[in-house]
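I have placed the structure first, in the form of structure tokens, so that the comments after it can refer back to it.
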Amino acid sequence: MKYSPQKIEKKWQAYWQKNRINQAVLSKDKPKYYLLEMFPYPSGKLHMGHVRNYTIGDVLARFKKMQGYNVLHPMGYDAFGQPAENAAIKNKADPAKWTKQCIDWMREEMQEMGFSYDWDREVATYLPEYYRWNQWIFLKMFERGLAYKKESLVNWCPSCQTTLANEEVIDGGCWRCHSKVEQKDLEQWYLKITDYSERLLEDLKLLKYWPSRVVTMQENWIGKSFGVEIYFRLCDKGGRPTDRIIPVFTTRQDTIFGATYIVLAPEHPLIKEIISGSPQENKVLEFIEKVSKETKTIRTSADVKKEGVFSGAYAINPVNNEKIPIWVADYVLMEYGTGAIMAVPTHDQRDFLFSKEHNLPMRIVIKDPRSSIIDAREMNEAYEGDGIQVNSAQFDGVHTSQSKEKIANWMEKEKIGKKTVNWRLRDWLISRQRYWGTPIPIIYCDQCGIVGVPEEDLPVILPQKVAITGKGGSPLSKVDKFINCKCPKCKGKARRETDTMATFFDSSWYFLRFCSPKYAKGVFDKEEVDYWMPVDQYIGGIEHAILHLLYSRFFTKFFNDLGLLDFSKKESNTGKDEPFIRLLTQGMVLKEGEVMSKSKGNVVDPDTIIDKYGTDTMRLYIIFAAPPEDQMDWNERAIEGSWRFLNRVWNLVDNYEFKGNVPSAQEDKELKELRQKTHSTIKNVTDDLAKDFHLNTAISSIMELVNAIYAVLSKNQSNNQIVKEAVETVVLLLAPFVPHLSEEMWQKIGRKESIFKASWPKFDANAIKQDAITFIIQVNGKVRATMELPVDIDEEKLKASALADSNVAKWVQDKMIKKIIIVPKKLVNIVVG
RNA sequence: GCUGGAGUGGUGGAAUGGCAUACACGCCAGUCUCAAAAACUGGUGAGGGCAACCUCGUGAGGGUUCAACUCCCUCCUCCAGCACCA
């Protein structure tokens, strides 16, 4: 009978559905395993990236299930967001209907691929039963001051007509539509993720099973730096010192004696005061006006010339009482540190360029050990390395390695500075002027101010049939019925917040909701979360290395603070509130070295592959073609190899009968080797799946075993226990990869139950043991012979055998044997001189 | 610039101190066929040799070692993330 995947696959998909084979139920007598793939945005069609992500996950989920774990493997949809809204603008469609339709299509596709999801646990973030808990979480944060409103300059995407988080600005463009991002002054909702900076950084140490690059990326993003806040005194209009302080942050307090001017960010609040009435006033105002019009892209691109103006005011360098000018320049950022810096042109390249441009004074205070330059005028660039302090009063002669600490301590003692820690991480901007998102549950009352919606009034339902034009701010701001409401406190007339939440909010806790997706009494059922969490294995794209994973960690820590979860008693050893034990970031799927995209017209549609080869072949190929973490190139021809292999396996089961009641002659060398191969394959495949995600080499090993079975069969030894064991092993080992075909073959060889009720094979250590080993014989490190010898041969005999080989003898000849190195069970190296 | 990762046959890739190129794609030859496809069998890093074998070979150069794709140093190239963070 021919292998016809389409028939087989439909049949088993129906069987799994009917027998609820993938249902996960809390059960304390089995070890749990929570395997999660990042849930998709419901665009309506799966692309190869999804297929790869979910296939990798499915292989591991099915493997763990066969190993006897109670596996939770859920799927859902990150269903709010702009594509639905854009579709609504374009086609005048209803985003809810559009989204539901897309979800239905995607669910069907995923079922066609045979993924082992527990469909009873499906969640979709656009449903009120999900987003009410977004609102609940927001209110908990609001109560604790972690959600707050603030007017500030925000990133504004003119095309999407909405604000963007810093994290959503990529190379100065909108992360979604790539339009140039502008700056706009708006009142916005923020989450105070910065309160968690220290914990988010510290707990990265617990994530031993995360790829190091993801940990590093998060470390850099959080960006902790140690330094000193130094207090410069402001001078009055006549140039005399006052008691007003300008604090500046530096990590290079060792260069303070070389600070020859101060630079303020153009947005610095002090500027207006110090320039008023001075001759420079207009020039400075003009400059600030000019900078404010510039987008962040222009302002922060490294190759642009640094621009600035003198403010007319002066300050006092507290270490030497020098009067130094105060400048305003675009290269200083208001968001970082204090928005003011001390400029040390000799030891900071940016300051160096700026001072050359504007002819500002400079002085060397750190001596470059490899250079003889002592005059700053001779420098071609700033020296940013370590060295000996010069021109630094009592610190002259001290090396940077000690002076940093000494100067910091001295400043604290003199009360002219304070050791400070600075973070790069900013608070998270979450409000969006969009329709298709969770309404922020806030009410504005003229009497009571900003009031949270009471818990019992949740959810605040997103109104339907709203005109979505894509222009002029939030669509909700035009829905009077939605806006007008009563103040929960004073019952007077009030207005609702019309902004919605960024969708990253929705995805920051969905993994917790999966534990009890239908729970109505709270955000999640504590008992279920206590059992299933943390996620044992999380799989998704590297593009989420920072945002999604950082936000999820933040939310989990917040839930811990609320007393809703605590993982510290778990064996996972990832602390009390880290959500993901292991992380696998799968690589992208490319076509001829390029990203698949509609615009390039090189998209491979999974459906056409299924039509041609069936889903098992597609799954096998996508796993076999490259290691999961690497990018893989989709090769239309190479998939034939996977198809051919599955046919070979199918024919094996189809053409031969493996009754297994014919005992084998143990002394038969071929059969003995086959048994050895069978068991070493079990070991290899199990290790590859359990330890390092070497899924591609797991397949290679199984292919080798199949080749070995064919080799034995070609010698006409079809019907005996050893061959039967080998074939059964192949079927079992293939089950996680090609579940449909494996089920079919499992029945074919006489089994009645689902193969996923069978247990994963265990290898017999005795069977792997070899009597004889092929020893490598080297002379001076070069292979000159190989010889089959008993494993337990003693060293003298081994040496003698090696030297007896004619080719070895030729190379040793009459030369002096210096020594003979023996690596047990592997090789002999004869060193001659 | 900083941080992280990678560089191996014609191609995807394997080997983490011990036979470099497992497994697969492609290609070549053969079997079957009127023919083709499919399937099956064999071959396939480069160079030399009738052969046994020999030399070279994992981005470049150096080093450690009996032995290096693997460890160390210098450099080159590519990819990714961050980037005026004081």
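Below, chain A is the first sequence line, B the second, and so on; all start at residue 1. Because the structure is a prediction, the values reported are computed rather than measured.
- With sequence neighbours left out, the side chain to side chain donor-acceptor pair (under 3.5 Å) criterion links A:Glu198 to A:Lys224.
- Between A:Tyr336 and A:Phe249, the angle of the ring planes goes over 60°, which puts this pair in the perpendicular group of the 30/60° scheme.
- Distance check on atom P: B:C69 versus B:A83 gives 40 Å, rounded to whole Å.
- Remark on RNA chain B: of its neighbouring residues A:Ile830 and A:Asp633, the 5'-side contact belongs to A:Asp633, judged by nearest-heavy-atom nucleotide.
- What separates CZ of A:Arg213 from C1' of B:C2 is a distance of 17 Å, to the nearest Å.
- The listed nucleotides are B:G5, B:C82, B:A86; the one nearest the side chain of A:Ser212 is B:G5.
- Residues passing the ring-ring contact (aromatic ring centres under 6.0 Å, His included) test with A:Tyr621 are A:Trp634, sequence neighbours excluded.
- The nucleotide B:U11 finds its pairing partner in B:A24, both defining distances of the Watson-Crick or G-U wobble pair being shorter than 3.5 Å.
- Rounded to an integer number of Å, the gap from CG of A:Asp687 to P of B:U16 is 12 Å.
- Separating the C1' atom of B:U65 from that of B:U70 is a span of 13 Å, rounded to the nearest Å.
- Checking the phosphate oxygens (OP1, OP2) of B:G57, no side-chain nitrogen or oxygen of A:Lys782 falls inside 4.0 Å.
- In this structure B:C19 sits in no base pair that meets the Watson-Crick or G-U test at under 3.5 Å.
- Distance from the side chain of A:Met217 is smallest for B:G81 among the nucleotides B:C85, B:G81, B:G5.
- Nucleotide B:U64 forms a pair with no other nucleotide shown, judged by Watson-Crick or G-U wobble geometry with both contacts under 3.5 Å.
- A:His544 pairs by the ring-ring contact (aromatic ring centres under 6.0 Å, His included) definition with A:His548, not counting sequence neighbours.
- Screening residues 687-706 of chain A for salt bridge (charged side-chain N to carboxylate O under 4.0 Å, His left out) gives A:Lys677-A:Glu704, A:Lys683-A:Asp687, A:Asp687-A:Lys691 as the qualifying pairs, with residues at least two apart or on separate chains.
- Between A:Leu695 atom CG and B:A14 atom P there is a gap of 11 Å when expressed in whole angstrom units.
- Counting only heavy atoms from C-beta on, A:Trp221 has its side chain closest to B:C82 among B:A14, B:C82, B:C85.
- Taking only side-chain atoms of A:Ala625, from C-beta outward, the nucleotide of B:C82, B:G12, B:C19 with the closest atom is B:G12.
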Contact list (N/O, under 3.5 angstrom) for nucleotides 46-54 of chain B vs protein:
unit_1	atom_1	unit_2	atom_2	d
B:C54	OP1	A:Arg784	NH1	3.0
B:C54	OP1	A:Asn807	ND2	3.3
B:C54	OP1	A:Trp811	NE1	3.1

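- Around the NZ atom of A:Lys612, the shell of radius 6.0 Å holds no more than 12 heavy atoms that belong to other residues, nucleotides or ligands.
- Nearest heavy atoms, A:Ala690 versus A:Arg582: O-NH1, 3.9 Å.
- In a base pair of the Watson-Crick type (N1 to N3 plus N6-O4 or O6-N4) or a G-U wobble (N1-O2 and O6-N3), with each distance short of 3.5 Å, B:G81 is matched with B:C2.
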Spell out protein contact along nucleotides 22-28 of chain B as letters: B when the base is contacted, S when just the sugar-phosphate is, - when no protein heavy atom is under 4.0 Å; keep the 5' to 3' order.
BBSSS--
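- Atom name C1', nucleotides B:U64 and B:G13: the rounded distance is 30 Å, in whole Å.
- Listed by first then second residue, pairs satisfying salt bridge (charged side-chain N to carboxylate O under 4.0 Å, His left out) with a partner in residues 772-784 of chain A number zero, not counting sequence neighbours.
- Annotation: A:Glu629, atom CD; neighbour count of heavy atoms from other residues, nucleotides and ligands within 6.0 Å is above 12.
- Environment of NZ in A:Lys356: crowded, with over 12 heavy atoms of neighbouring residues, nucleotides or ligands closer than 6.0 Å.
- Straight-line distance from the CZ atom of A:Arg424 to the P atom of B:C84: 9 Å, rounded to whole Å.
- The listed nucleotides are B:A86, B:C84, B:C19; the one nearest the side chain of A:Ile341 is B:A86.
- As rounded to whole Å, 16 Å separates atom C1' of B:A68 from atom CG of A:Asn780.
- When distances are taken from the side chain of A:His694 to each of B:C66, B:A15, B:A14, the shortest belongs to B:A15.
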Any protein N or O atoms within reach of nucleotides 6-8 of chain B? Criterion: under 3.5 Å, listing atom names and distances.
none

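- Contact between A:Glu384 and A:Gln349 at its shortest, heavy atoms only, is OE2-N, 2.8 Å.
- In this structure, A:Glu219 places its CD atom 18 Å from P of B:G81, rounding to the nearest Å.
- With a cut-off of 3.5 Å on both Watson-Crick or G-U wobble distances, the partner of B:G45 is given as B:C56.
- Taking atom C1' in both B:A22 and B:U8, one finds a spacing of 13 Å when rounded to whole Å.
- Comparing the P positions of B:A14 and B:C85 gives an interatomic distance of 39 Å, to the nearest angstrom.
- Nucleotide B:A51 forms a pair with no other nucleotide shown, judged by Watson-Crick or G-U wobble geometry with both contacts under 3.5 Å.
- Closest heavy-atom contact between A:Pro266 and A:Ala329: CD-O, 3.3 Å.
- Remark: the A:Gln778 side chain and the B:G18 base include a donor-acceptor N/O pair separated by less than 3.5 Å.
- Every salt bridge (Lys or Arg N to Asp or Glu O under 4.0 Å) that A:Arg553 has, sequence neighbours left out, goes to A:Glu578.
- A:Glu219 meets the salt bridge (Lys or Arg N to Asp or Glu O under 4.0 Å) test with no other residue; sequence neighbours excluded.
- Spacing between B:G30 and B:A68 at atom C1', rounded to whole Å, works out to 41 Å.
- For the P atoms, the distance from B:A35 to B:A20 is 44 Å, rounded to whole Å.
- Between A:Trp327 and A:His358, the ring planes are tilted. Angles from 30° to 60° get that label.
- Nearest heavy-atom pair across A:Phe232 and A:Val248 is CE1-CG2, 3.5 Å.
- Base pairing of B:C34 is not made with any nucleotide, judged by Watson-Crick or G-U wobble geometry with both donor-acceptor distances under 3.5 Å.
- Listed by first and then second residue, the side chain to side chain donor-acceptor pair (under 3.5 Å) pairs involving residues 817-833 of chain A amount to none (not counting sequence neighbours).
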Sub-3.5 Å pairs of nitrogen or oxygen atoms, protein against nucleotides 61-65 of chain B:
none

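- The CE atom of A:Met787 sits 21 Å away from the P atom of B:G18 (whole-angstrom rounding).
- With B:C66, B:A86, B:A14 as the choices, the nucleotide that has an atom nearest any side-chain atom of A:Ile821 turns out to be B:C66.
- Across the strands present, B:U70 finds no partner; the criterion is a Watson-Crick or G-U wobble pair with both atom distances under 3.5 angstrom.
- Backbone-only engagement by A:Pro627 is indicated by non-hydrogen atom pairs under 4.0 Å involving sugar-phosphate atoms exclusively.
- Rounded to an integer number of Å, the gap from A:Lys224 NZ to B:C82 C1' is 20 Å.
- Rounded to whole Å, the C1' atom of B:A24 lies 23 Å from the corresponding atom of B:U31.
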